[in-house]
There are 2 protein chains.
Amino acid sequence: MSAGHTAVTTPAATDPVISCATPQDECGVRDVLDRLGDKWSVYVVVELASGVLRFKELQRRIPGDISQRMLTVTVRRLERDGLVKRTVYPTIPPQVEYELTGLGHSLTHLIKALADWSIGHRPAIAAARASYDAAQRQ
Amino acid sequence: MSAGHTAVTTPAATDPVISCATPQDECGVRDVLDRLGDKWSVYVVVELASGVLRFKELQRRIPGDISQRMLTVTVRRLERDGLVKRTVYPTIPPQVEYELTGLGHSLTHLIKALADWSIGHRPAIAAARASYDAAQRQ
DNA sequence: CCGTATCCAGTTTGATACTG
DNA sequence: CAGTATCAAACTGGATACGG
């Protein structure tokens, strides 16, 4: 790419990126983005990518002190979307295990790609912000 | 991949997905996710992926009736992050063009991957939700 | 241990009106 | 045309307390 976007008003065609039946359709992209965009889901998926974890252990591993409530809410949403499997052992005290489903595992590749991009371009983004903020102040 | 995640209790090691210097560090992943997680940014990037667009035209193309205010806010954030370039022509009436920067273009690959995953697994997610919701009601 | 219920604070988004 | 300003509504996340 980086080829010809010299044209100005032409909608031309570099690549469609997302092509839906109807342009007004969201193609369900929002469904995924919602789960990627909330504060904790990505971390839960990341931690579960390496294996099965119990609630408390999951909570301990997630960076940034997730509250009990938010961990519950987050894993429930992921479970509802079929990304996480929740297994309850009716013991005393109760024991609940969380693991990624096949669907969940297939998402880890994308998250890794996102993380790589993010880490790789972090300096560029930081520089852009600094420059933008500096320009705003004068 | 899709190889062995048959092990159950072992935190073992499938793959680290995101490995930072310190586990408490976010590695800047949130920086990207913030831009991917808000309601409109992805659509702006998607529309700009195919070429340069003026404000009004961008607004028309984005699905879901984005308000003038939200388009301004979104596009400004993307500009600040160095993903979008904004060019003002001091004409009357004013004319402002938006286009992706190189950084912005490099993100479209990831967004495309996300969109593909999303579209491909939409039925699975819908099924999981239906099943989860049904189970909740009884 | 693994939650749920309540309530509150902060952020994000949207409606509307106005301007160079 | 391309914004800005203002205000209200909605949503999200967090603190706390309690329960099986």
Side-chain angles (χ1 to χ4, degrees), chain A residues 8-9 26 30-44 47-48 52-81 84-99 132 135-137, chain B residues 9 26 29-44 47-48 52-81 84-99 132 135-137:
Chain A
V8 176
T9 330
E26 295 175 14
R30 193 93 76 189
D31 287 350
V32 184
L33 257 36
D34 279 353
R35 219 72 8 259
L36 252 50
D38 65 33
K39 192 165 175 183
W40 302 108
S41 292
V42 168
Y43 290 104
V44 170
E47 293 305 326
L48 290 181
V52 179
L53 289 175
R54 296 180 56 177
F55 187 88
K56 198 72 178 181
E57 182 58 21
L58 190 51
Q59 187 179 23
R60 260 190 295 267
R61 292 193 186 206
I62 291 174
D65 274 323
I66 185 173
S67 69
Q68 207 167 27
R69 182 184 114 89
M70 285 316 296
L71 182 53
T72 301
V73 168
T74 304
V75 290
R76 284 297 197 286
R77 284 197 285 225
L78 291 169
E79 188 194 4
R80 177 169 185 266
D81 286 354
V84 161
K85 181 167 153 243
R86 177 169 171 270
T87 312
V88 181
Y89 298 95
T91 56
I92 295 178
Q95 177 170 346
V96 182
E97 288 182 347
Y98 295 93
E99 65 190 303
Y132 182 92
Q136 287 317 89
R137 267 193 301 279
Chain B
T9 328
E26 295 176 12
V29 181
R30 194 92 78 190
D31 286 350
V32 184
L33 256 35
D34 279 353
R35 219 69 13 255
L36 251 50
D38 65 35
K39 193 167 176 182
W40 302 107
S41 291
V42 169
Y43 289 104
V44 170
E47 294 306 325
L48 290 181
V52 178
L53 288 174
R54 295 180 57 176
F55 188 89
K56 196 75 178 178
E57 182 58 20
L58 190 50
Q59 186 180 24
R60 260 191 294 268
R61 293 192 186 206
I62 290 174
D65 274 323
I66 186 173
S67 68
Q68 207 167 26
R69 185 185 113 87
M70 284 317 295
L71 181 53
T72 301
V73 168
T74 303
V75 119
R76 285 294 199 286
R77 283 196 287 226
L78 291 169
E79 188 195 3
R80 177 168 185 266
D81 285 355
V84 161
K85 181 167 152 242
R86 178 169 171 270
T87 312
V88 182
Y89 298 96
T91 56
I92 295 177
Q95 177 170 347
V96 181
E97 288 181 347
Y98 295 93
E99 66 190 302
Y132 182 92
Q136 288 316 89
R137 267 193 302 278

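Under the 4.5 Å side-chain criterion, counting only non-hydrogen atoms from C-beta, A:T87 is in contact with A:E99. Counting only heavy atoms from C-beta outward, the side chains of A:L71 and A:V44 approach each other to under 4.5 Å. For the pair B:T72/B:F55, a side-chain contact is recorded, criterion being any heavy-atom separation below 4.5 Å from C-beta on.
Between the P atom of D:dG20 and the CD1 atom of A:I92 lies a distance of 13 Å, rounded to the nearest Å. Following rounding to the nearest Å, A:K39 (NZ) and C:dT12 (C1') show an atom-to-atom distance of 14 Å. In this structure, A:L36 places its CG atom 15 Å from P of D:dT12, rounding to the nearest Å. With rounding to whole Å, B:M70 atom CE is found 15 Å from D:dA5 atom C1'. Rounded to whole Å, atom P of D:dG13 lies 5 Å from atom CG of A:D38. When rounded to the nearest whole Å, the span between CG of A:D34 and C1' of C:dT12 equals 13 Å. In this structure, B:F55 atom CZ and C:dG20 atom P are separated by 18 Å, rounded to whole Å.
The 5' end of DNA chain D is approached more closely, in terms of each residue's nearest nucleotide, by A:I66 than by the other of A:P93 and A:I66.
Closest contact between the side chain of B:R54 and the listed nucleotides C:dT13, C:dC1, D:dC1 involves D:dC1. For A:Q68, taking side-chain heavy atoms from C-beta onward, the closest of the listed nucleotides C:dC1, C:dC2, C:dA17 is C:dC2. In the set C:dT4, D:dG14, C:dC1, the nucleotide with an atom closest to the side chain of A:R76 is C:dT4. Checked against D:dG13, C:dG3, D:dA2, the side chain of B:V96 finds its nearest nucleotide in D:dA2. Nearest to the side chain of A:P94, among C:dC1, C:dT6, D:dG3, sits C:dC1.
B:R60 has no side-chain polar atom (N or O) that falls below the 4.0 Å cut-off from OP1 or OP2 of D:dC1. Considering only side-chain N and O atoms, A:Y98 lies under 4.0 angstrom from the phosphate OP1 or OP2 of C:dG3. Note on B:R77: a side-chain N or O is less than 4.0 Å away from OP1 or OP2 of C:dT13. Distances shown here put every side-chain N or O of B:R69 at or beyond 4.0 Å from the OP1 or OP2 atom of D:dT6.
No donor-acceptor pair under 3.5 Å is formed between the side chain of B:R61 and the backbone N or O of B:Y43.
Under 4.0 Å is where a charged nitrogen must lie from a carboxylate oxygen, and between A:R77 and A:D34 no such pair does.
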